Novice: 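Structure incoming, see below.
Given the structure is predicted, the values throughout are model-derived calculations rather than measurements. Starting from 1, each residue takes its place in the sequence as its number. In each ligand, atom 1 is the first atom listed, and ligand 1 is the first ligand listed.
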Amino acid sequence: MSLRRFGRITAALAATTLTVGALGACSAERAGGDTQDDGDDSTMVGIAMPTRSLERWNNDGAHLEELLQDAGYETSLQYADNKTEQQITQLQNMINEGADILVVASIDGTTLGPVLQTAAENDVTVIAYDRLINETENVDYYATFDNELVGTLQGEFIVEELGLDEGEEGPFTLEPFAGSPDDNNARFFFKGAWDVLSPYVESGVLEVPSGKAPASVDEWTSIGIQGWESADAQSEMENRLNSFYEGDEKVDVVLSPNDSLALGIEQALEGAGYEPGEDWPIITGQDADEANTKNILADKQSMTVWKDTRTLGDQVATMIDQIVAGEEVEVNDTETYDNGVKVVPSFLLEPQVVTKDDVEEVLVGSGFYEASDLGL
Ligand code: GAL
């Protein structure tokens, strides 16, 4: 009996816990045991990551691979250099190699329908990792952080730093950026931030000299940076500074959705002669990348929204154990993530703001970094 069909029967029979319990138990004895009648006893998990060029995915892949191997699973970890065709080929190979479960951090969640149809035909269970997979029914679970909250935290940080919630009237100059147009998360990040900031843009307290203020959240891709590329964010920021900031006009705030973009923006500001502690703007970020954490310590970035990728890996490993044991898979959100075909049962984790004052306690204290990594 295939894992997917076993899963559906389990879901259908949820009422008779005892029965399921017994079944679950027998599968549990075969922890790491196979779920397919293919004569091969181990469970093989394919792990598809988008790229090695964005720091966090290296951590995500390595941590999950280690967890699963320690638990006795066979794994195949692949990186796709941010190329969708390469990711599709890698997923096809994993299916051909007998994967029972696929964990997919998609590059473009709208491109995987056909290969996941093949996965379904081979009874492979699919977990979307960090980024939702769209427009297919063949995704079973989603594990991520609360993506809209990431943006909300960035927006609220800016409001507090400028004192806008205490009646500060500005005007302040803001330059907003958004993430990769093919990344489903990027819309949530932008919506969270823009829902907080746009009232101040409308009231004129926040001005956007470049004019690059989307009229609504739906137009977020107009300021999106493809592939989350630092270099493209740098040249975009250089263009804005050269074209819209004359004389001693300065940018006060930059909404950067993540650290790789923030790094490029910071290099553009440095090149334009901005000085940390003098006229350096408030800059947001996400991911607590090493270079950006050092920039936070050097007053070149104001905050980052940290997502402890270890906890995401832990949650996905738990999901896999539950799937293999035939148990109900733990989720905590069955409403938010509609992928255009169905609402995908999801587990959302909490992101948190990290500023200069928190780096040692939170990032070093939790073991995410060694003090020496950060020059502390
Ligand atoms: C997003 C992810 C962020 C950031 C970005 C670029 O999907 O949630 O943490 O890393 O991709 O990789």
Novice: Among Asp289, Asp259, Asp130, which residue meets the salt bridge (Lys or Arg N to Asp or Glu O under 4.0 Å) test with Arg56?
Specialist: Asp130
Novice: Among all residues two or more places apart in sequence or in another chain, which pass the ring-ring contact (aromatic ring centres under 6.0 Å, His included) test with Phe188?
Specialist: Tyr337
Novice: Report the residues that fulfil side chain to side chain donor-acceptor pair (under 3.5 Å) with Gln117, sequence neighbours left out, ordered by chain and then residue number.
Specialist: Glu121, Asn138
Novice: With sequence neighbours excluded, what pairs up with Trp228 under the side chain to side chain donor-acceptor pair (under 3.5 Å) test?
Specialist: Asp183
Novice: Check for a donor-acceptor pair, side chain of Glu55 on one end and backbone N or O of Glu290 on the other, with a separation under 3.5 Å.
Specialist: yes
Novice: Can you tell me if CD on Glu249 sees more than 12 non-hydrogen neighbours from other groups inside 6.0 Å?
Specialist: yes
Novice: Protein residues near ligand 1, heavy-atom distance below 4.0 Å?
Specialist: Leu54, Arg56, Trp57, Asp130, Arg131, Asp183, Asn185, Phe189, Trp228, Asn258, Gln286, Asp287, Lys307
